[in-house]
Structure formats: structure tokens, C-alpha cells
Protein chains: 2
Amino acid sequence: MTSHLRNSGSHIALSPRVEPKLTLADELRIRLADDIVRGFLPLGATLDESQTARRFQVSRTPVREAFRELAASGLVDAKPHRSTLVARPDSERLNAMFETMAELEAVCAGLAAQRMTVAERQSLQEIHEQLRVLSFAGNPEQFHEINEQFHNAIYIGTHNNYLGELTIATRKRVQPFRRAQFRNLGRLHKSQAEHHHVVEAILREDRAAASAAMHAHIDLVHNEYESYAGSTLEGEMAGRLRTG
Amino acid sequence: MTSHLRNSGSHIALSPRVEPKLTLADELRIRLADDIVRGFLPLGATLDESQTARRFQVSRTPVREAFRELAASGLVDAKPHRSTLVARPDSERLNAMFETMAELEAVCAGLAAQRMTVAERQSLQEIHEQLRVLSFAGNPEQFHEINEQFHNAIYIGTHNNYLGELTIATRKRVQPFRRAQFRNLGRLHKSQAEHHHVVEAILREDRAAASAAMHAHIDLVHNEYESYAGSTLEGEMAGRLRTG
DNA sequence: GATGATTTGTACGTATGTATA
DNA sequence: ATATACATACGTACAAATCAT
């Protein structure tokens with residue numbers, strides 16, 4: 001992954017509208033957010049402005065602006081006159097984020113059950129079927145990808161874009177703690193079974209059941225993380241890196 | 001309200017730790033967010049960087065950073081190479097925000113019913129009583145102030161800080177559309193009655209009832225806005241200012 | 001549609017505050 | 001505790017894009 005953002009001399013501008021003309025700050029924000037949620041940047045890591053600027057061959061100005069936006073979205077922690085750090089929520093806050101995600105996803109599933117169009121319901125079923133196949137193929141990366149599509153399909157089905165955005169933002173903030181989930185092959189099939197209850201309820205247009213099934217699903221994701229983090233003691237260890 | 005942020009020469013630094021040393025960008029963000037939610041800055045207004053910089057006697061750099069953060073929080077709309085505008089959601093998005101607020105507030109009330117400490121329940125009752133008195137005194141500004149305290153008390157009662165932050169953020173984004181609410185004196189008493197159902201359910205530790213009562217309350221706030229906006233045709237008119 | 005005026009985006013230098021020896 | 005080193009905060013100059021004519 002060579003990281004040169006600076007595209008010296010735009011080449012091959014065949015079709016117009018290919019580039020929405022993003023600013024460097026925007027590209028940096030997207031790139032850094034991706035690095036954080038993918039776990040490429042470790043939690044609690046120091047994000048040096050000059051260093052980051054050199055890394056991407058830009059000045060510090062767009063880097064600063066990207067950091068500020070990431071701070072506003074909660075992915076990094078920035079205090080005045082102090083270096084920006086990749087956010088590392090303590091266990092209380094992490095629990096709060098998981099719980100909130102469960103509530104948000106539950107509301108989404110409930111609304112989707114009431115509002116999805118025929119086409120949207122069919123699309124959801126197709127994605128669900130893809131996941132079933134993948135749960136046997138056992139490719140964690142691919143399963144994760146389609147799993148996101150599954151949840152996105154439900155957000156769209158709510159016909160409430162704002163709610164979808166809030167939910168996605170929360171998902172992103174929790175993602176670093178869900179990453180290892182699908183390493184466990186057994187988890188793929190369990191996830192599949194949980195999804196099945198959600199899909200079934202949505203197709204029945206049963207709001208309460210869809211909501212409850214999704215809530216249960218996210219709670220299990222949370223539990224899965226806790227048992228993983230607890231077993232590896234990663235949470236404890238990470239917690240003592242700076243505070244101890 | 002003279003607007004000089006520049007405090008030339010810090011004076012009287014008696015006790016240490018009085019000033020958390022906010023940056024200019026932070027102060028600007030807070031100030032501008034306040035101006036927006038209070039309706040001081042009209043929806044859709046253009047926020048010129050240089051102009052704003054001159055207004056506060058600072059350079060464009062902190063202004064830009066403040067704009068970026070406001071954009072991340074959704075209060076302003078910023079596209080690359082275009083002036084930043086005070087966000088003016090269309091009716092579909094506004095409905096989505098109201099609906100989401102109702103769901104979030106409902107979840108908060110439900111969790112609070114289960115989790116509030118004795119002290120927190122008592123505090124909630126006291127605030128509720130203050131509102132009852134104010135609903136007769138009929139001071140809209142003061143009622144609004146204590147009303148925010150009422151809802152904040154519930155967020156605290158959830159013991160889920162993240163959820164509280166999301167809910168507050170959503171409340172802020174909708175606030176410009178709730179401003180005129182309490183001009184209507186009758187609304188104060190209706191609001192009071194709705195709150196009563198919420199408080200009662202919370203004190204009974206009845207999660208479902210608290211959640212439902214709060215949901216109904218916010219829905220009525222939404223309806224109140226719609227009938228107001230509809231009657232003044234403000235929504236329609238504003239909608240045609242730029243798009244037409 | 002081209003050109004000038006205006007506004008935003010980026011780079012960089014200096015000031016200021018923080019952390020370390 | 002003072003001084004030094006270092007990172008961030010801010011101002012200014014210039015480049016690039018948009019808007020108005």
C-alpha cells in the first residue's frame with residue numbers, strides 16, 4: 001500500500017464527473033477513518049500531524065482538518081495542544097456503544113419490517129442467501145463485506161436516512177471491536193441463524209419480532225466480543241498501556 | 001453582544017485550571033453552533049470564511065476548522081470549493097430527524113425507568129415540578145431552559161453516555177424547528193401533561209410505558225411544528241428560496 | 001462561453017503551549 | 001524547578017476553483 005495522495009498531474013480524464021473533486025482533507029479523513037476501523041491503526045496510537053503530513057506528502061493544514069473531522073465523528077480523541085490519538089474507549093463506554101448499537105439496529109429492523117418495498121424485501125433475501133453460502137465457504141473477509149450489505153439493506157428499508165446514518169456511524173465506531181468476530185468459523189453459522197429470525201420477521205411485517213430478533217443478534221455480537229477480549233486479556237492489557 | 005473572541009492579555013488568573021485553554025476553533029464552533037440552534041443565523045445562510053474571520057477578529061484558519069467540525073455534526077452543509085451553508089433539511093429529512101429523535105428519546109426514557117437511582121428519580125421530579133410552576137408563569141425562554149434540563153436528567157438516568165450524546169446531538173439539529181413551540185402558551189400545559197405520563201412511568205420503573213409516553217410526547221412536538229410551519233407556509237417558502 | 005472577481009484550498013513560518021531532562 | 005525540545009495553534013501568502021458578468 002504505497003500512500004501517495006498527491007496525484008501529480010491528473011491523467012486520463014475521459015468521462016466527466018468521475019472525480020467529485022474531493023479536497024485533500026476529505027481524502028485524508030476517508031483514508032484515516034478506514035485505517036482506524038480496519039484496525040490498521042492501533043487503538044490509542046498517536047497521530048502526529050507532521051509525520052502524517054510527510055507520510056501523505058501534503059502540508060499539515062489538510063491533515064489538521066482531517067483530524068478535526070475525525071474527532072467530531074468520535075474516531076479519534078483530540079484535546080487542545082495535545083496530540084490526537086486513535087480513540088480507545090474504556091469498557092464502560094464500549095458497553096454503552098454496543099448497547100446503543102443494539103437499540104438503533106433494533107429500531108431499524110422494526111421500521112424496515114413495516115416499510116420495506118417488495119423489491120427491498122427481495123433484495124434482503126438475496127443478500128441473506130449469499131451469506132448462507134458464504135457461511136460454508138468460510139471466507140471471513142467476504143462474509144464481513146456481505147454482512148455489511150445485509151445491515152445496509154435494512155437501513156435503506158427504514159426509509160429514514162438520518163437514522164441510517166446514525167446507525168452506520170455507531171457501527172463504524174464499534175467496528176474495531178468486532179473485527180475478530182468472524183475469525184471464529186462457528187460464529188458465521190450462528191450469525192446466519194440469528195439473521196434468519198430477523199429476515200423472517202421482516203418478511204412477516206412483524207415490527208416487534210424483527211426489532212427483538214435484531215436486538216438479540218447485536219447483543220450476541222457484543223457477548224462474543226467480550227468473551228474474546230476477556231480470554232485474550234486484550235482489553236485489560238490495552239487499558240493499562242497508558243493509564244497505568 | 002459584542003463579538004470579540006480575542007482576549008488581549010489574560011487578566012486575573014487567580015485560581016489555576018479556570019480556563020481549559022480552548023482553542024479559537026473550539027470557541028468559534030461553540031459560538032456558531034449556538035447561533036444556529038438559537039436561530040440567530042437563519043437556515044440556509046451563507047457562512048463566508050473571510051467575513052466570519054473578520055467578525056471575530058481571527059484568521060481564516062480557526063474559522064475553517066470550526067466550519068469543518070460543524071459540518072461533521074450536521075449543523076452546516078459544506079461541499080468542497082463551495083461556501084458553507086447553515087443546514088436547511090428538506091421536509092423528508094426533517095421528518096426523518098423528528099422520527100429518529102422520537103425513537104432515541106423513547107429508548108432513553110425506557111432505560112431510565114429501569115436504571116435511575118433514587119436520587120436521580122427525585123431530581124427528575126423536582127425538575128418536573130419546576131416546569132409545572134413555569135407553565136403558569138408563562139415565560140417561554142425559561143420554560144425552554146428547564147425543559148432541556150428535564151430531558152437531560154433522563155439521558156443521565158440511562159447511564160449510557162453514548163446514547164445521551166447521540167440524542168442531544170439530534171435534539172440540537174432539530175432545535176431550530178422547535179424554537180417557536182413554546183410561544184404558544186397552550187403548548188406549555190400540554191407539554192406538561194405529556195411529561196407527567198413519562199415521569200409517572202419512570203417512577204413505576206415501567207420501561208415500556210415510559211418509552212411509549214416519551215415517544216408520544218416527541219410525536220406531538222413534531223405535529224406541533226408541522227401545523228405551525230404549515231400555517232405560516234414557512235416551510236414551503238424556505239423550500240423554494242434556493243431550489244426553485 | 002470566456003474572463004475577471006471572489007472564495008475556498010494548501011503551504012509554510014512563527015507563536016504558544018506541553019512534555020521531558 | 002528551570003530550561004530545552006517538540007508538537008500544536010494561528011496567521012499570512014499563494015494556488016486553484018467557483019461564481020458573476
Side-chain angles (χ1 to χ4, degrees), chain A residues 3-11 13 16-32 44-72 76-86 241-243, chain B residues 3-11 13 16-32 44-72 76-86 241-243:
Chain A
S3 55
H4 55 95
L5 274 176
R6 260 280 175 260
N7 48 345
S8 42
S10 55
H11 40 170
R17 272 285 144 248
V18 270
E19 306 181 53
K21 241 6 151 202
L22 287 183
T23 65
L24 288 180
D26 287 328
E27 292 188 40
L28 286 168
R29 172 177 49 72
I30 293 167
R31 171 66 184 271
L32 291 169
T46 299
L47 293 174
D48 188 88
E49 284 181 6
S50 308
Q51 191 178 314
T52 306
R54 275 195 301 275
R55 189 157 113 75
F56 293 103
Q57 310 219 41
V58 299
S59 80
R60 284 178 45 221
T61 308
V63 172
R64 279 181 60 78
E65 294 184 359
F67 283 4
R68 285 273 185 178
E69 292 180 53
L70 290 169
V76 305
D77 205 359
K79 289 178 202 140
H81 298 286
R82 245 167 220 88
S83 295
T84 298
L85 310 176
V86 177
L241 268 177
R242 285 250 172 184
T243 57
Chain B
S3 55
H4 55 94
L5 275 175
R6 264 277 176 261
N7 48 345
S8 42
S10 55
H11 39 168
R17 273 283 145 251
V18 269
E19 305 182 51
K21 242 5 154 204
L22 286 185
T23 65
L24 288 179
D26 286 329
E27 291 187 41
L28 285 168
R29 172 177 51 72
I30 293 167
R31 171 67 184 269
L32 291 169
T46 299
L47 293 173
D48 188 86
E49 286 179 5
S50 307
Q51 191 179 314
T52 306
R54 275 195 301 276
R55 190 157 115 74
F56 293 103
Q57 311 220 40
V58 298
S59 81
R60 280 177 51 221
T61 309
V63 172
R64 280 180 60 79
E65 293 183 1
F67 283 5
R68 287 272 183 182
E69 292 179 49
L70 290 169
V76 305
D77 204 359
K79 289 179 201 136
H81 298 285
R82 241 164 227 96
S83 295
T84 298
L85 309 176
V86 177
L241 267 177
R242 286 250 170 183
T243 58

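Chain letters run A, B, ... following the sequence lines, proteins first, then strands; residues in each count from 1.
The side chain of B:L24 approaches D:dC10 more closely than any other nucleotide in the set C:dT7, D:dC10, D:dT8. Counting only heavy atoms from C-beta on, A:T23 has its side chain closest to C:dG9 among D:dT8, D:dA9, C:dG9. Here the nucleotide nearest the side chain of A:S50, chosen from C:dT8, D:dT8, C:dT10, is D:dT8. You'll find that the side chain of A:A25 is closest to C:dT10, out of D:dA7, D:dA9, C:dT10.
Judged by atom type and distance alone, A:T61 reaches the base of C:dA11 through a side-chain donor-acceptor pair under 3.5 Å.
For A:A71, the side chain to side chain contact (heavy atoms under 4.5 Å, CB included) partners are A:V76, A:A78, not counting sequence neighbours. For B:D26, the side chain to side chain contact (heavy atoms under 4.5 Å, CB included) criterion is met by A:R68, A:P80, B:L22, B:T23, B:R29, B:E69, not counting sequence neighbours.
Here the C1' atom of nucleotide C:dT14 and the CZ atom of A:R64 are 14 Å apart, to the nearest Å. The interatomic distance linking B:D26 (CG) with D:dA9 (C1') rounds to 11 Å, in whole Å. We find that CG of A:D48 is positioned 9 Å from C1' of D:dC6, with the value rounded to whole Å. Rounded to whole Å, the distance from CZ on A:F56 to P on C:dT10 is 14 Å. Taking atom CZ of residue A:R29 and atom C1' of nucleotide C:dT10, one finds them 17 Å apart after rounding to whole Å. Atom pair B:R54:CZ and D:dC10:C1' shows a separation of 18 Å (rounding to whole Å applied). Atom pair A:K79:NZ and D:dA7:P shows a separation of 18 Å (rounding to whole Å applied). Protein atom CD of A:E49 is 11 Å distant from nucleotide atom P of D:dC10, rounded to whole Å.
Between A:V58 and A:V63 the shortest heavy-atom distance is CG2-CG2, 3.8 Å. In terms of heavy-atom proximity, A:P62 sits nearest to A:L24 at CB-CB, 3.9 Å. Closest non-hydrogen pair, B:F56 versus B:L32, comes out as CE1-CD2, 4.3 Å. Considering all non-hydrogen atoms of both residues, B:S83 and B:T46 come closest at CB-CG2, 3.7 Å.
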Legend entry - B/S/- contact track for nucleotides 13-21 of chain D, protein heavy atom under 4.0 Å: ----SSS--

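Side-chain atoms of B:T84 and B:D77, non-hydrogen and from C-beta on, never get closer than 4.5 Å to each other.
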